[in-house]
Amino acid sequence: MSNILILGGTTEASALAAALAERGTPALLSYAGRTEKPRAQPVPVRVGGFGGIAGLVRYLREESVTHLVDATHPFAATMSEHAVAAAREAGVEHIMLTRPPWTAAEGDQWTRVPDMAGAVAALAGAARRVMLAVGRMHVDVFAAQPQHHYLLRFVDMPDAVPQLPRHALVVDRGPFTAEAEMHLMRAHGIDCVVSKNAGGDGAQAKLIAARQLALPVVMIERPACPAALMTHEVAAVLQWLGHAAERGV
Ligand code: 3Y8
Ligand code: NAP
């Protein structure tokens, strides 16, 4: 009898949970607990860290998990590294469900940078009106470029005022639409967008809007991904689970 743990927090994780619930296949979805009201799921949910690799090994053993699906966001690099290490140590089947990075299309004006520090450096120069669509966790590093007016977008209201002298804050969760993104960018006079290369559909609308408004985009490449079995398709995970179940693992 398989016992599936999904590391969630993405559109793909939610799609996999829905597919398993539809099949009546028991699974548990795990959130880190970063947001106040995470999206409800059609499978049972747990919230909070495991306590590092050792904590996850203990959890996998105590809950007799047979299959670990890492469907976390491409920028959740620590969780993905822990998942590979813990699955190996606990002898649990492991697969990553992720999405391919976005690639620049005709008309895109992207400046690719390797990481958040690269994005900060790319904003050197005269004051601009920058849409900082990278969430809440890494906003303060942009205080190194205080000359800009920043449009921030967080999932929840922050506990403290962001340390950027000139900023506006929107509290909203994706997925977003290109039309709404264009309206937001026009309303705030945005002339530059900063984005993580998250891939997927849930955050792509801002790139479509930037293309239509001919705005430059600072695109932050995703961190290195651990070597592991990986797919971009929910169907492939279901097949992987099905085969494993046939093998009676
Ligand atoms: C807590 C779970 C679903 C999943 C929806 C996807 C799409 C909407 C787009 C922008 C970019 C950003 C951010 C974003 C998107 C989806 C997906 C995605 C980007 C929730 C969620 C959790 C989080 C955590 C949150 C981070 C933040 C990042 C906002 C739920 C809504 C910017 C990433 O305030 C905080 O601490 C937020 C932290 C990590 C990145 C950051 O550095 O701040 N996601 N996002 C998960 C957990 O606790 O385990 O609340 O329902 C999930 C989603 N966010 O099921 O429909 O699949 O990518 N999430 C980025 O891509 O740049 C917003 O504004 O344009
Ligand atoms: P991270 O930096 O890779 O992980 C930091 C720690 O958070 C992990 O070591 C683990 O704590 C805990 N953690 C992360 N994901 C978890 C999960 N799904 N279930 C239980 N614990 C989890 O992760 P992050 O970038 O903060 O992302 C946190 C969550 O937000 C993930 O679910 C991710 O899918 C989602 N998300 C992130 C982004 C992003 O831009 N980073 C975007 C969209 C969604 P312990 O060490 O204590 O186990």
Side-chain angles (χ1 to χ4, degrees), residues 5-18 28-43 45-60 68-86 96-99 101-102 115-116 119 131-142 151-160 162 169-178 180-181 184-185 190 193-210 217-226:
L5 174 63
I6 305 168
L7 301 178
T10 59
T11 307
E12 289 72 21
S14 299
L16 175 62
L28 182 80
L29 186 139
S30 176
Y31 282 124
R34 285 244 181 271
T35 53
E36 282 162 18
K37 295 186 217 58
R39 172 195 291 269
Q41 295 289 343
V43 297
V45 165
R46 69 171 291 287
V47 181
F50 295 97
I53 296 172
L56 182 50
V57 171
R58 198 166 36 252
Y59 182 91
L60 294 173
L68 178 58
V69 183
D70 173 8
T72 56
H73 188 276
F75 279 73
T78 305
M79 187 70 256
S80 292
E81 283 156 21
H82 289 190
V84 170
M96 289 183 75
L97 172 60
T98 183
R99 55 271 185 123
W102 295 312
D115 50 25
M116 213 52 79
M131 178 174 177
L132 206 44
V134 295
R136 173 184 63 161
M137 293 197 298
H138 306 283
V139 162
D140 291 346
V141 295
F142 289 89
L151 171 60
L152 307 178
R153 178 157 61 190
F154 293 172
V155 177
D156 297 315
M157 276 305 281
D159 306 334
L169 173 63
V170 166
V171 178
D172 197 357
R173 63 168 55 216
F176 306 100
T177 65
E181 298 287 62
L184 183 69
M185 291 174 187
I190 298 302
V193 177
V194 178
S195 170
K196 293 178 182 174
N197 196 333
D201 306 327
Q204 193 170 21
K206 61 181 171 288
L207 303 183
I208 297 165
V217 174
V218 175
M219 182 59 75
I220 304 166
E221 292 310 335
R222 54 179 65 173
C225 183

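Just follow the structure's listing: the first ligand is 1, and inside any ligand the first atom is 1. As a basis for the values below, the full set of heavy atoms in this structure was taken, side chains included, without hydrogen atoms, waters or symmetry mates.
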Checklist entry - Heavy atoms only: which of M137, R39, R99 is nearest to atom 39 (C) of ligand 1? => result M137
Next on the checklist: Can you report which non-hydrogen protein atom sits closest to atom 41 (N) of ligand 2, along with the distance?
Outcome noted: F75 CB, 3.7 Å
Checklist entry - When you measure from atom 63 (C) of ligand 1 to every protein heavy atom, which one gives the shortest distance, and what is it? => result F176 CE1, 4.4 Å
Checklist entry - Are any non-hydrogen protein atoms located under 4.0 Å from atom 44 (N) of ligand 1? => result no
Checklist entry - Got the closest protein heavy atom to atom 17 (C) of ligand 2, with its distance? => result A32 N, 3.5 Å
Next on the checklist: Are more than 12 heavy atoms, taken from residues, nucleotides or ligands other than D201, located less than 6.0 Å from that residue's CG atom?
Outcome noted: no
Item to check | Under 4.0 Å to a heavy atom of V155 - the qualifying atoms of ligand 1, by number | outcome: 29 (C)
Checklist entry - Would you call G55 a ligand 2 contact, heavy-atom distance under 4.0 Å? => result no
Next on the checklist: Taking only non-hydrogen atoms of D156, do any sit less than 4.0 angstrom from ligand 1?
Outcome noted: no
Item to check | R222 side-chain N/O to A198 backbone N/O, donor-acceptor pair under 3.5 Å | outcome: yes
Next on the checklist: To check your reading of the model: name the closest protein heavy atom to atom 41 (C) of ligand 1, its residue, and the distance in Å.
Outcome noted: V134 O, 3.4 Å
Checklist outcome for this item: Among T78, I220, T98, closest by heavy atom to atom 2 (O) of ligand 2 is T78
Item to check | Element-labelled atoms of ligand 1 that are located less than 4.0 Å from some non-hydrogen atom of K206 | outcome: 10 (C), 11 (C), 65 (O)
Item to check | Which of the ligand 2 atoms, numbered from 1, are nearer than 4.0 Å to a heavy atom of K196 | outcome: 39 (C), 40 (O), 41 (N)
Checklist entry - Should the proximity of R34 to ligand 2, defined as any heavy atom under 4.0 Å, be assigned to the side chain, the backbone, both, or neither? => result side chain
Item to check | Close-contact set for ligand 2 against G51 heavy atoms, below 4.0 Å | outcome: 45 (P), 47 (O), 48 (O)
Checklist entry - Quick one: does R46 get within less than 4.0 Å of ligand 2, heavy atoms only? => result yes
Next on the checklist: Please list, in number order, the atoms of ligand 2 under 4.0 Å from a heavy atom of G9.
Outcome noted: 32 (O), 34 (O), 35 (C), 36 (N), 43 (C), 44 (C)
Next on the checklist: Between R173 and E36, does any NZ, NE, NH1 or NH2 come within less than 4.0 Å of an OD or OE carboxylate oxygen?
Outcome noted: no
Checklist entry - Nearest protein heavy atom to atom 11 (O) of ligand 2, by residue and atom, and its distance? => result G49 CA, 3.6 Å
Next on the checklist: Among all protein heavy atoms in this structure, tell me which lies nearest to atom 19 (N) of ligand 2, with the distance rounded to 0.1 Å.
Outcome noted: S30 OG, 2.7 Å
Checklist entry - Does some non-hydrogen atom of the protein lie less than 4.0 angstrom from atom 15 (C) of ligand 1? => result no
Checklist entry - Evaluating non-hydrogen atoms only, which member of K196, R136, E181 is closest to atom 35 (C) of ligand 1? => result R136
Checklist entry - Do any non-hydrogen protein atoms sit less than 4.0 Å from atom 11 (C) of ligand 1? => result yes
Checklist entry - Of all the non-hydrogen atoms in the protein, which one sits nearest to atom 43 (C) of ligand 2, and at what distance? => result H73 CD2, 3.1 Å
Checklist entry - Is atom 52 (C) of ligand 1 less than 4.0 angstrom from at least one protein heavy atom? => result yes
Item to check | ligand 1 to G33 polar contact by distance, N or O atoms, under 3.5 Å | outcome: yes
Checklist entry - Looking at G52, which atoms of ligand 2 are within less than 4.0 Å of one of its heavy atoms? => result 45 (P), 46 (O), 47 (O), 48 (O)
Checklist entry - Would you say the side chain of M185 lies within less than 4.5 Å of the side chain of L151, judging by non-hydrogen atoms? => result no
Checklist entry - Which of these, A86, G200, G8, has its nearest heavy atom closest to atom 34 (O) of ligand 2? => result G8
Next on the checklist: If you take the nearest heavy atom of each of R173, H82, E12, which one is closest to atom 9 (O) of ligand 2?
Outcome noted: H82
Checklist entry - At the 4.0 Å heavy-atom cut-off, does G200 count as touching ligand 1? => result no
Checklist outcome for this item: Note: ligand 1 atoms sitting under 4.0 Å from heavy atoms of G202 are 7 (C), 9 (C)
Next on the checklist: Is G48 close enough to touch ligand 2? Criterion: a residue heavy atom under 4.0 Å from a ligand atom.
Outcome noted: yes
Next on the checklist: Does ligand 1 come near enough to G174 that some N or O of the ligand is less than 3.5 Å from an N or O of the residue?
Outcome noted: no
Checklist entry - Taking non-hydrogen atoms only, is A77 closer than 4.0 angstrom to ligand 2 via side chain, backbone, both or neither? => result backbone
Checklist entry - When you check the side-chain N and O atoms of T98 and E12, is any donor under 3.5 Å from an acceptor? => result no
Checklist outcome for this item: Restricting to heavy atoms, the pick from L132, L151, T35 nearest atom 1 (C) of ligand 1 would be T35
Item to check | Nearest neighbour in protein (non-hydrogen) for atom 60 (C) of ligand 1 | outcome: H73 NE2, 3.6 Å
Item to check | Nearest-neighbour protein heavy atom for atom 10 (C) of ligand 2, which is reported as residue plus atom name and distance | outcome: M79 SD, 3.8 Å
Checklist entry - Is NZ or CZ of R39 both nearer than 6.0 Å to the six-membered ring centre of Y31 and within 45° of the ring axis? => result no
Checklist entry - Is it the case that T72 and S80 place a side-chain donor and acceptor less than 3.5 Å from each other? => result yes
Checklist outcome for this item: Atoms of ligand 1 under 4.0 Å from any heavy atom of A32, numbered from 1 in the order shown, are 47 (C), 48 (O), 49 (O)
Checklist entry - Looking only at protein heavy atoms, which one is nearest to atom 48 (O) of ligand 2, and how far off is it? => result F50 N, 2.7 Å
Checklist outcome for this item: A198 heavy atoms within 4.0 Å reach ligand 1 at atoms 61 (O)
Checklist entry - Hey, is atom 4 (C) of ligand 1 touched by any protein heavy atom at less than 4.0 Å? => result yes
Checklist entry - Quick one: does T10's side chain have a donor or acceptor within less than 3.5 Å of a partner on H73's backbone? => result no
Checklist entry - To which protein heavy atom is atom 19 (C) of ligand 1 closest, and what is the distance rounded to 0.1 Å? => result A203 CB, 4.8 Å
